[in-house]
Amino acid sequence: MKLSEKHPNGMGLVEVRKFLHAGPHSFPRTLDLVADPAEELRITLHAGEIVGEALRKVLSRYGQRGGVGRMCSGTARKLHYHRMVTTGDNYRPYDYGPPDVLAGTITFVTGAITVGQNQDGKVLLHCHSGFIDGGGIVHGGHLLLDTVEVGDDPLVIRLCLFSRSAFVVNSDEETHFSLLHPTPMEP
């Protein structure tokens with residue numbers, strides 16, 4: 001479903017996509033967990049490093065923890081990302097489409113990273129990002145960090161790791177996706 005809505009800054013109408021999932025509505029969808037104290041990390045990745053692999057190596061020193069982070073600056077040489085598509089399946093009407101592949105000089109504009117884990121404690125990295133290709137075209141979506149090769153400019157990432165909580169994958173009745181839910185952890 002596409003609607004036109006007034007831009008929040010009063011800059012005219014913008015097209016907005018609204019997603020109505022097949023499962024029972026979970027409203028409000030607010031889940032929270034007090035997660036203090038936290039540990040702040042600044043990570044700089046260099047040309048040729050694979051982002052997912054490098055982040056897992058850093059995170060292995062901190063044990064099973066959840067966290068959130070930001071891509072602050074940098075470039076990539078290549079990456080894969082997904083965007084949401086309509087599936088035609090009534091059970092799961094929206095899903096990630098096939099990956100789009102970019103190569104060349106790719107400049108990151110923004111990126112939000114969630115550090116989670118599956119039921120077995122394996123680290124999961126989830127990232128939504130915006131970036132500009134060498135031709136000046138803006139792209140964005142679900143970034144597959146295990147495919148991102150850092151470009152000539154170092155990639156700077158800020159992470160905040162929680163000490164007694166994690167994001168653990170659980171199924172979600174409304175979306176029929178596996179989502180990361182805040183979960184208390186032993187220190």
Trainee: Would Asp146 and Arg56 count as a side-chain contact (heavy atoms from CB on, under 4.5 Å) if you check the C-alpha gap in whole Å, the side-chain angles of each, and the deciding distance to 0.1 Å?
Mentor: CA-CA 10 Å; Asp146 290 318; Arg56 283 183 181 86; 2.6 Å; yes
Trainee: Going by heavy atoms in the side chains, are Val138 and Phe131 under 4.5 Å from each other?
Mentor: no
Trainee: Quick one: CD1 on Ile132 to CD1 on Ile137, what's the gap to the nearest 0.5 Å?
Mentor: 10.5 Å
Trainee: Is there a path from Val51 to Val101 through hydrophobic residues (I, L, V, M, F, W, Y) whose side chains come within less than 4.5 Å of each other?
Mentor: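 Different hydrophobic clusters.
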Trainee: So, using side chain to side chain contact (heavy atoms under 4.5 Å, CB included) as the criterion, who are the partners of Val68 when residues are at least two apart?
Mentor: Cys160, Phe162, Phe167
Trainee: Compare every heavy atom of Ser129 with every heavy atom of Phe108, then report the nearest pair and how far apart it is.
Mentor: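 Closest approach of Phe108 to Ser129: CD2-OG, 3.6 Å.
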Trainee: Indicate if Val109 and Leu143 have the same hydrophobic cluster label, given that clusters are the connected sets of ILVMFWY residues with side-chain heavy-atom separations under 4.5 angstrom.
Mentor: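 As far as the 4.5 Å side-chain criterion goes, Leu143 and Val109 are not connected within one cluster.
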Trainee: Angle between ring planes, His128 versus His142, binned at 30° and 60°: parallel, tilted or perpendicular?
Mentor: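 Rings of His128 and His142: perpendicular, over 60°.
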Trainee: Could you tell me the separation between the CG atom of Leu159 and the CG atom of Leu55, rounded to the nearest 0.5 Å?
Mentor: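 CG of Leu55 is found 6.0 Å from CG of Leu159.
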Trainee: How many angstroms lie between atom CG of Leu79 and atom CG of Leu144, to the nearest 0.5 angstrom?
Mentor: 9.0 Å
Trainee: Once you round to the nearest 0.5 Å, how far does CD1 of Ile106 lie from NZ of Lys78?
Mentor: 10.5 Å
Trainee: Given the rule in the side-chain contact (heavy atoms from CB on, under 4.5 Å) test, do Cys127 and Met71 qualify, once you have shown the distances and angles that lead to the verdict?
Mentor: CA-CA 9 Å; Cys127 181; Met71 297 172 116; 4.1 Å; yes
Trainee: Taking the side chain as every heavy atom from C-beta outward, state whether Asp133 and His139 have any atom pair closer than 4.5 Å.
Mentor: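 Side chain of Asp133 against side chain of His139, heavy atoms only: contact under 4.5 Å found.
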Trainee: Taking all heavy atoms of Thr44 and all of Pro154, pick out the closest pair and write down the distance.
Mentor: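 Closest heavy-atom pair between Thr44 and Pro154: CG2-CB, 3.7 Å.
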Trainee: Leu161 and Val123: same hydrophobic cluster, using ILVMFWY side-chain contacts below 4.5 Å?
Mentor: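 Per the 4.5 Å side-chain linkage, Leu161 and Val123 are co-clustered.
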Trainee: How far does NZ of Lys57 sit from CD of Glu49, to the nearest 0.5 angstrom?
Mentor: 8.0 Å
Trainee: Any pair with a residue in residues 152-161 that passes side chain to side chain donor-acceptor pair (under 3.5 Å), sequence neighbours left out, goes on the list, sorted by first then second residue, please.
Mentor: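 The answer is Arg77-Asp152.
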Trainee: For residues Val115 and Leu59, report the shortest heavy-atom separation together with the two atoms involved.
Mentor: CG1-CD1, 3.9 Å
Trainee: Is there a path of hydrophobic side-chain contacts, each under 4.5 Å between heavy atoms of I/L/V/M/F/W/Y residues, joining Leu41 to Val156?
Mentor: no
Trainee: Are side-chain heavy atoms of Met84 and Tyr96 found at a separation under 4.5 Å?
Mentor: yes
Trainee: Filter on salt bridge (Lys or Arg N to Asp or Glu O under 4.0 Å), then keep only pairs touching residues 107-132, sequence neighbours left out; what's left?
Mentor: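 Qualifying pairs: none.
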Trainee: Within this structure, what is the CD-CG distance for the pair Glu53 and Leu145, rounded to the nearest 0.5 Å?
Mentor: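 Rounded to the nearest 0.5 Å, the CD-CG separation comes to 12.5 Å.
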Trainee: Counting N and O atoms only, with roles assigned by atom type, does the side chain of His82 sit under 3.5 Å from a partner on the main chain of Gly97, one being a donor and the other an acceptor?
Mentor: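 Side chain of His82 to backbone of Gly97: a pair is present.
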Trainee: Shared ILVMFWY cluster between Ile50 and Val150, side chains joined below 4.5 angstrom?
Mentor: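 No, no single cluster joins them.
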